[in-house]
Number of protein chains: 2
Amino acid sequence: MTEYKDATMLDIARELKVSKSTVSRALKDHPSIGKKTRQAIQDLAKKYNYHPNNIAYSLSKKSTKTIGVIVPMLSHYYFSTVISGIEELAYKSGYKVIICQSAESYEREVIVSQALLSSKVDGLIVSISRETVNSDHFKVYQSKNVPIVFFDRVCADMEVSSVTIDDYQGAFTAVEHLIREGRRKIAHFAGPPLLQITQKRIEGYKDALSAYGIPFDENLLIDCGSGLEQENGSMAAQEMLDRGIKPDAIFAICDPIAIGVMVTLKRNHVNIPDEVAVVGFCDEPIARVVEPQLSSLVQPAFKIGETSIELLLNQINGQDHIPEKRVLTAELQIRDSSSSTI
Amino acid sequence: MTEYKDATMLDIARELKVSKSTVSRALKDHPSIGKKTRQAIQDLAKKYNYHPNNIAYSLSKKSTKTIGVIVPMLSHYYFSTVISGIEELAYKSGYKVIICQSAESYEREVIVSQALLSSKVDGLIVSISRETVNSDHFKVYQSKNVPIVFFDRVCADMEVSSVTIDDYQGAFTAVEHLIREGRRKIAHFAGPPLLQITQKRIEGYKDALSAYGIPFDENLLIDCGSGLEQENGSMAAQEMLDRGIKPDAIFAICDPIAIGVMVTLKRNHVNIPDEVAVVGFCDEPIARVVEPQLSSLVQPAFKIGETSIELLLNQINGQDHIPEKRVLTAELQIRDSSSSTI
DNA sequence: CTGAAAGCGCTAACAA
DNA sequence: TTGTTAGCGCTTTCAG
């Protein structure tokens with residue numbers, strides 16, 4: 001059992017024969033405290049190695065000054081960068097951040113969101129798991145007036161603030177780029193059907209095609225299964241090849257999938273970009289490491305984090321009452337995997 | 001101002017005309033509560049959408065059931081994987097985990113470690129920042145009897161539990177492998193001098209050389225500056241080349257550096273592995289994506305996390321009193337970047 | 001089986 | 001400028 005034989009305000013109050021309140025005030029430089037008393041108190045605090053007890057503070061103030069963050073996975077560059085953005089602004093505003101992973105599991109997501117609720121976070125920022133369809137565990141927050149901001153992956157059936165990137169536009173841009181590069185038979189490797197991003201990117205893909213008068217071919221819309229990992233891309237690409245389908249360009253829902261695709265293509269001696277151009281989404285660090293370097297849509301991850309916490313703090317501070325939906329744009333970073341002029 | 005018009009135990013106690021204590025007991029299935037009372041209480045709790053207030057719980061129990069984790073960066077696969085290992089076991093044991101980044105900054109590390117102290121974490125797991133030389137902020141924990149476990153990067157001047165991998169052995173193995181592949185002029189790209197891992201790996205490097213009768217050449221011990229990023233490796237490699245030094249193998253302190261080196265080598269039309277073999281350390285996902293695929297030492301990140309939390313919980317539960325130092329071994333994963341039989 | 005009461009460490013009116 | 005007091009929501013003896 002951990003023991004805290006910490007010095008408390010009472011301890012130093014007794015020692016100095018003053019009251020708790022005086023100590024409390026002196027420690028926060030309250031103006032109405034005598035110079036000598038304050039000094040004496042602060043000195044003794046230092047000597048006793050006093051550290052404020054945040055738990056007690058939170059209980060009495062009914063505010064923990066912490067905000068909760070739930071992400072599907074920490075081990076994705078995208079998410080950890082978003083978190084950095086969140087932390088940066090949070091710390092500046094005197095907030096702590098509790099980070100949790102849902103591990104892409106609905107069940108886990110429910111558990112951590114309840115834990116966070118019980119921990120009385122002042123607000124929540126979340127990107128939902130791949131499995132999540134029910135949002136009751138988030139609606140509890142609303143019923144208790146704890147503000148929520150979703151980023152990237154949102155719950156469709158909730159009226160809350162959100163920060164997303166324009167998936168439709170991003171996909172459109174990517175496909176348009178491929179078309180302008182002279183590609184005509186463009187496949188799309190899609191993500192798990194439940195995710196909104198999957199839908200939006202498919203739409204952008206289709207609309208770009210039709211905008212350029214290219215008929216949509218169902219065979220070129222490839223399902224990568226339930227995962228967004230490299231293996232899913234690899235396998236889906238191999239299946240495609242096995243089925244005798246050979247596009248001249250591929251737009252993948254995300255970089256790992258794109259890279260899986262590239263690996264399979266290369267293994268099958270398909271030249272990139274000469275035979276097949278590839279474009280990913282997210283611009284993870286690996287995009288610059290694969291060969292050829294992968295064209296991708298840059299998601300402003302840090303900015304997404306900053307924006308999320310900004311919206312959240314606005315709500316916490318009562319400035320915003322109506323949910324605000326911010327949409328950022330993803331910019332296409334063209335690299336060798338999709339440019340014919342190599 | 002966030003408002004919690006939450007139902008509390010008192011609310012449901014009043015409604016049912018019983019006492020707070022009874023509610024408290026009923027909610028935790030305390031045996032000494034009548035079946036009907038318990039049922040009634042639990043039903044009403046559900047109806048009121050009651051959620052326990054962890055803050056109050058923590059204050060009265062003097063234990064938060066949370067453990068703090070401080071890592072230099074979240075956006076490294078290695079660290080986020082360690083965290084997953086920590087979380088897994090922590091959750092199973094009923095502990096929450098608060099994750100913080102020091103962002104490789106000493107100042108930030110001090111701040112977050114104090115914040116965590118004030119938040120009354122029951123224990124701390126940390127991998128120190130690159131800048132950290134002073135460990136006073138951790139010694140406070142010891143003085144307050146809050147157990148600490150270091151992993152990977154430890155404070156040399158503290159008597160605490162730690163989980164590390166055998167850097168010396170890993171480095172030795174890597175270099176030995178290169179020697180057996182017929183390499184003789186083996187360079188080592190070292191890390192920031194302050195880090196213990198830098199020292200240990202250099203030792204392993206040197207000892208492997210001497211074990212095989214290869215004299216140590218100072219010119220082949222390359223300093224990569226203060227960073228462990230790809231750019232540092234790239235630049236250091238270019239400098240080396242510019243100075244006319246051309247080894248036939250390179251052992252890099254970590255994968256990003258190794259990859260930076262590879263990029264530079266390829267840019268200078270140096271063939272890998274024919275002219276120069278390369279081995280990294282850490283086995284990050286990119287190792288399998290670069291071309292040729294990078295040989296690397298696999299750090300059992302998940303296991304490191306599990307072991308850390310295990311040691312910590314032992315201390316929290318009072319089972320361990322003397323610090324325990326666990327050393328795990330890194331295994332060499334040989335890939336194309338260092339095997340001549342390609 | 002249930003209740004009363006004290007206490008965890010801190011804040012914040014309200015007094016003095 | 002400082003003290004008094006009540007209270008935050010829950011746990012936990014000690015009684016009944």
Side-chain angles (χ1 to χ4, degrees), chain A residues 1-42 45 48-66 94 117-122 144, chain B residues 1-42 45 48-66 94 117-122 144:
Chain A
M1 193 66 76
T2 314
E3 268 183 314
Y4 297 125
K5 30 163 197 179
D6 277 352
T8 92
M9 286 187 172
L10 224 196
D11 293 329
I12 98 148
R14 277 203 273 253
E15 174 90 20
L16 259 39
K17 302 200 183 313
V18 295
S19 76
K20 275 193 311 181
S21 349
T22 304
V23 176
S24 173
R25 291 175 184 123
L27 256 21
K28 3 182 77 57
D29 283 325
H30 188 107
S32 74
I33 292 291
K35 234 178 168 198
K36 328 91 192 309
T37 6
R38 176 205 327 238
Q39 201 45 249
I41 289 174
Q42 294 188 346
Y48 276 5
N49 205 352
Y50 171 82
H51 282 260
N53 183 328
N54 245 311
I55 304 296
Y57 173 92
S58 298
L59 185 59
S60 87
K61 292 277 279 185
K62 287 166 114 5
S63 154
T64 54
K65 281 286 181 186
T66 84
L117 228 207
S118 279
S119 294
K120 299 295 170 193
V121 291
D122 291 342
K144 292 185 188 292
Chain B
M1 192 67 77
T2 312
E3 269 183 314
Y4 295 124
K5 31 165 200 180
D6 277 353
T8 92
M9 287 187 172
L10 223 198
D11 294 328
I12 100 148
R14 275 204 273 252
E15 173 91 19
L16 259 39
K17 303 197 184 313
V18 294
S19 75
K20 277 194 309 182
S21 347
T22 304
V23 175
S24 172
R25 290 175 183 125
L27 256 20
K28 4 183 74 60
D29 284 325
H30 188 107
S32 74
I33 293 292
K35 233 178 168 190
K36 328 89 192 306
T37 3
R38 174 204 330 233
Q39 201 45 249
I41 289 174
Q42 294 188 346
Y48 276 4
N49 205 354
Y50 170 82
H51 282 262
N53 183 326
N54 245 311
I55 304 296
Y57 173 92
S58 298
L59 185 58
S60 88
K61 292 275 279 185
K62 288 167 116 358
S63 153
T64 55
K65 283 284 180 187
T66 84
L117 227 208
S118 279
S119 294
K120 299 295 170 190
V121 292
D122 291 342
K144 292 185 186 293

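Just so it is clear: chains get the letters A, B, ... in the order the sequence lines come, proteins before strands, and each one is counted from 1.
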Closest nucleotide of DNA chain C for A:P52 versus for B:K35: which of these residues is on the 5' side? B:K35
Spatial distance of atom CG (B:D6) from atom OH (B:Y48) [nearest 0.5 Å]: 13.5 Å
I'd like to know if the side chain of A:S118 and the backbone of B:P52 have a donor-acceptor N/O pair within less than 3.5 Å. yes
Phosphate OP1/OP2 of D:dT12: any B:Y57 side-chain N/O under 4.0 Å: no
So, is A:S24 close to the C:dT11 phosphate, meaning a side-chain N or O under 4.0 Å from OP1 or OP2? yes
Length of the CE-P vector between B:M9 and C:dA5, whole Å: 19 Å
Rounded to whole Å, please give me the gap between CD1 in B:I33 and P in D:dT12. 14 Å
Considering only heavy atoms from C-beta outward, does the side chain of A:T8 approach that of A:N53 to under 4.5 Å? no
Interface residues of residues 15-23 of chain A with DNA chain C (non-hydrogen, below 4.0 angstrom): A:K20, A:S21
For D:dT11 and B:K28 - does any side-chain N or O of the residue sit under 4.0 Å from the phosphate oxygens OP1/OP2? yes
Minimum side-chain heavy-atom gap B:Q42-B:D29 below 4.5 Å: yes
Tell me whether B:K65 is salt-bridged to B:D122, with the criterion being a basic N under 4.0 Å from an acidic carboxylate O. no
Where the side chain of B:S60 is defined as all heavy atoms beyond and including C-beta, which of C:dC8, C:dC1, C:dC10 is the nearest nucleotide? C:dC8
From CG of B:L59 over to P of C:dA6, roughly how many Å is that when rounded to an integer? 17 Å
Less than 4.0 angstrom between a side-chain N/O of B:T37 and OP1 or OP2 of C:dT2, yes or no? yes
Taking atom types as they are modelled, is there a donor-acceptor pair under 3.5 Å from the base of D:dT13 to the side chain of B:R25? yes
Respond yes when some side-chain nitrogen or oxygen of B:K61 is under 4.0 Å from OP1 or OP2 of C:dG7, and no when none is. no
I need the CZ-C1' distance between A:R14 and D:dG3, as an integer number of Å. 16 Å
Is it the case that the side chains of B:S19 and B:T22 hold a donor-acceptor pair, with the cut-off being a distance below 3.5 Å and no angle test? yes
How long is the line joining CG of A:L27 and P of C:dG9, in whole Å? 15 Å
Can you tell me how far P of C:dC10 sits from CG of B:N53, to the nearest Å? 17 Å
Rounded to 10 degrees, the angle between the two terminal axes of the helix from C:dC1-D:dG16 to C:dA16-D:dT1, each from five pairs: 40°
I'd like to know if the side chain of A:R25 reaches the main chain of A:H30, judged simply by a donor and an acceptor atom lying under 3.5 Å from each other, with no hydrogens or angles considered. no
If you define the side chain from C-beta out and look only at heavy atoms, does anything of A:D11 sit under 4.5 Å from A:Y50? no
Separation of A:H30 atom NE2 from C:dC10 atom P, in whole Å? 18 Å
Gap between atoms CG and P, on B:L10 and C:dA5 respectively (whole Å): 14 Å
Checking A:S119 now: which residues fulfil side chain to side chain contact (heavy atoms under 4.5 Å, CB included) with it, not counting sequence neighbours? B:N54, B:K96
Distance below 4.0 Å between A:K36 side-chain N/O and D:dT1 OP1 or OP2: no
